[in-house]
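Each chain gets a letter, A, B and so on, in the order its sequence line appears, and its residues count up from 1.
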There are 2 protein chains.
Amino acid sequence: MVESTTTIYDVARVAGVSMATVSRVVNGNANVKEKTRQKVLDAIAELDYRPNAVARGLASKRTTTVGVILPTITSTYFAAITRGVDDIASMYKYNMILANSDNDVEKEGKILETFLSKQVDGIVYMGSSLDEEVRTALKNTRTPVVLVGTIDGDKELPSVNIDYHLSAYQATTKLAKNGNKKIGYIMGSLTDAENIERMVGYQEALIESGLEFDEELVFEGNYSYEQGKVLVERLLDRGVTGVVVAHDTVAVGVLSALMAKGVKVPEDFEIIAGSNSPITQYTYPSLTSVNQPLYDLGAVAMRLLTKLMLKEEVEENQLILDHEIIERQSTK
Amino acid sequence: MVESTTTIYDVARVAGVSMATVSRVVNGNANVKEKTRQKVLDAIAELDYRPNAVARGLASKRTTTVGVILPTITSTYFAAITRGVDDIASMYKYNMILANSDNDVEKEGKILETFLSKQVDGIVYMGSSLDEEVRTALKNTRTPVVLVGTIDGDKELPSVNIDYHLSAYQATTKLAKNGNKKIGYIMGSLTDAENIERMVGYQEALIESGLEFDEELVFEGNYSYEQGKVLVERLLDRGVTGVVVAHDTVAVGVLSALMAKGVKVPEDFEIIAGSNSPITQYTYPSLTSVNQPLYDLGAVAMRLLTKLMLKEEVEENQLILDHEIIERQSTK
DNA sequence: TTGTACGCGTTATCAG
DNA sequence: CTGATAACGCGTACAA
């Protein structure tokens, strides 16, 4: 196999046609006589010719590649979304360049630069906190961008999310109905639009349930399991008997710490996790969870992106997918 | 921001030099007078010029992109490895095109074709079963390939793994020493070289521990949680009191089913998981696990790949990383 | 130290 | 239906 880059010219020569015709055949252009098409196809098979996508990209200004930027692929939350993105992407013949940002503004900036220099046709962005700087950069690009699980406060950038406000309201109400008087909430930074929505939903639910809002019961938990274990101490100190945890990994940490302390779940303490990523089913007791349709979020986002890339009409930029609360063993 | 693709020529014009000089500056070529370099830099800043990586790739025949092919990114096992790959990749200025194969031969073939047509500089392959067809294709490519967590029976393709034989031996021995008389093993398909190694280690440990090998106690478990739950019935039926489970997700399924049945872990049943992916710490009781250094496996593989891509000398192609058994709560 | 000119492998336009 | 030929944006010998 001496494979020294056989080009479209080689194929043309062997098939006895011009390279233009070969190009037509390769690209499925209809204007080719069946007989010549067959000659070309034979030559392609004979030479084991494979089109060079880079050259193609240069000439056509399309790379059939989209950039995906996310905090870290090791999170089952982002992994599930990403799987949805990839499935739809490959369905539309796109590939995915993936980059982990650790939600670091500087890294995000660099990744964005790289993606643009690589001429990606579109970008899928995930990141709990959408920094102002990054947001501006995203808006100033000609390249289509879709946010997933991330809210742009101004609702300018296309995005796919669930109704965080409603989900927080429902989860809190559920805990209230189960008789909990002190209900905690662990979410990400309150500077994120997404969490502001959650906060409002939480407060509304408390009020409607005749409970008092106490900011001491709201905690900022990042993505870590350890964080969850640490927060349990404070939850218990403050008399909390039920908690809604936005990030699943943190929820698992909370559960583990409670179990280790001998606190009975759900008898003495109830937990509702926030995104129904796979791990919520793996724990024992399994975690009641807000079911964010993660795979679908990714799939829908990618579908939206294809429309944007192909300049199709898009009636609505801000997509909201349905969620539900899946009852498992961590609530009564 | 009228951004109509400013090229190297525009920069040259503004800076009053030739495009060759601009190219030199952009590529950090030393042979440029400091003064002109500065002029060029200014022009670049003024025009907000960004090199076109596609054109660059065509001219230089290097894309600074590697292709990563894996069964599914939703597995914490592969996700952890992938994170290691990406960190080292970006350290060396490479990007990662990611594709999920579901371990399907046909998909793998297509992905490989796509990667090659996109002119990736190298390929990282993960997949429990390395199909003969795929293996051949991988070997016939000029593009460097590194396998991770995957064994090439012939040891021809460069790879990074742990010693599966030894790990199986140790885990089995541990359960034997703890007094278990019937020890089960759940692994993937026995057609995979990796699992054959496990099988041998398992058998050796049994013999040395004076226990009998019974093929009825070896199960083929794929990656699913559900599978683990199903297998528990059979394990119990056959009097097994301790099991080694190669795939963590399956191990979690086993644990959950046992807990649900009221079987005490580790008192009445012991479990050792196979790869120490994050979920093994998240369960309660947490899972004793063979600690495969997943992140490192990915990092080392990518490092090896950079050497291959840069045609550096590589003394050893078959890398084996150390593992250990991390004691948690699922063993006595 | 800097500039010229060609090539990388395709796509796309325009004749014919 | 088919064939020249000019881009696409950049790297790089070869000259100067």
In whole angstrom, what separates [X]'s [atom1] from [N]'s [atom2]?
| X | N | atom1 | atom2 | answer |
| --- | --- | --- | --- | --- |
| B:Arg24 | D:dG9 | CZ | P | 21 Å |
| B:Gln38 | C:dT2 | CD | P | 13 Å |
| A:Met19 | D:dA7 | CE | C1' | 12 Å |
| B:Ile8 | D:dT12 | CD1 | P | 11 Å |
| A:Leu58 | D:dA7 | CG | P | 14 Å |
| B:Lys39 | C:dT1 | NZ | P | 14 Å |
| B:Asn29 | D:dG11 | CG | C1' | 11 Å |
| A:Arg62 | C:dT11 | CZ | C1' | 12 Å |

Check whether any side-chain nitrogen or oxygen of [X] sits under 4.0 Å from OP1 or OP2 of [N], and answer yes or no.
| X | N | value |
| --- | --- | --- |
| A:Thr21 | D:dG3 | yes |
| A:Asn52 | C:dC8 | no |
| A:Ser60 | C:dT10 | no |
| A:Lys61 | C:dA12 | no |
| B:Tyr9 | D:dC8 | no |
| A:Ser18 | D:dG3 | yes |
| B:Arg56 | D:dG11 | yes |
| B:Thr36 | C:dT2 | yes |

field: Min side-chain heavy-atom separation A:Ile73-B:Asp86 under 4.5 Å
entry: no

- prompt: Can you check whether B:Leu305 reaches B:Val145 side chain to side chain, under 4.5 Å on heavy atoms?
  reply: no

- prompt: Is it true that the side chains of A:Asn103 and A:Ser129 contain a donor and an acceptor less than 3.5 Å apart?
  reply: yes

field: B:Lys118 versus A:Thr65, side-chain donor and acceptor atoms under 3.5 Å
entry: yes

field: Atom of B:Thr6, atom of B:Leu47 and distance for their closest heavy-atom approach
entry: CG2-O, 3.9 Å

Taking any heavy-atom pair under 4.0 Å as a contact, classify [X]: base, sugar-phosphate, or nothing.
| X | value |
| --- | --- |
| A:Val26 | nothing |
| B:Thr7 | sugar-phosphate |
| A:Val54 | nothing |

Side chain of [X]: nearest nucleotide among [options]?
| X | options | answer |
| --- | --- | --- |
| B:Ala59 | D:dG9, D:dT2, D:dG3 | D:dG9 |
| A:Lys33 | C:dT10, D:dC1, C:dG9 | D:dC1 |
| A:Asn31 | D:dC1, C:dG3, D:dG9 | D:dC1 |

field: NZ/NE/NH1/NH2 to OD/OE distance under 4.0 Å, B:Glu34 and B:Arg37
entry: yes

- line: Ranking B:Ala20 and B:Ala55 by the position along DNA chain D of their nearest nucleotide, the one closer to 5' is B:Ala55

query: Ignoring hydrogens and angles, does a donor from either the side chain of B:Arg50 or the base of D:dG9 sit under 3.5 Å from an acceptor on the other?
result: no

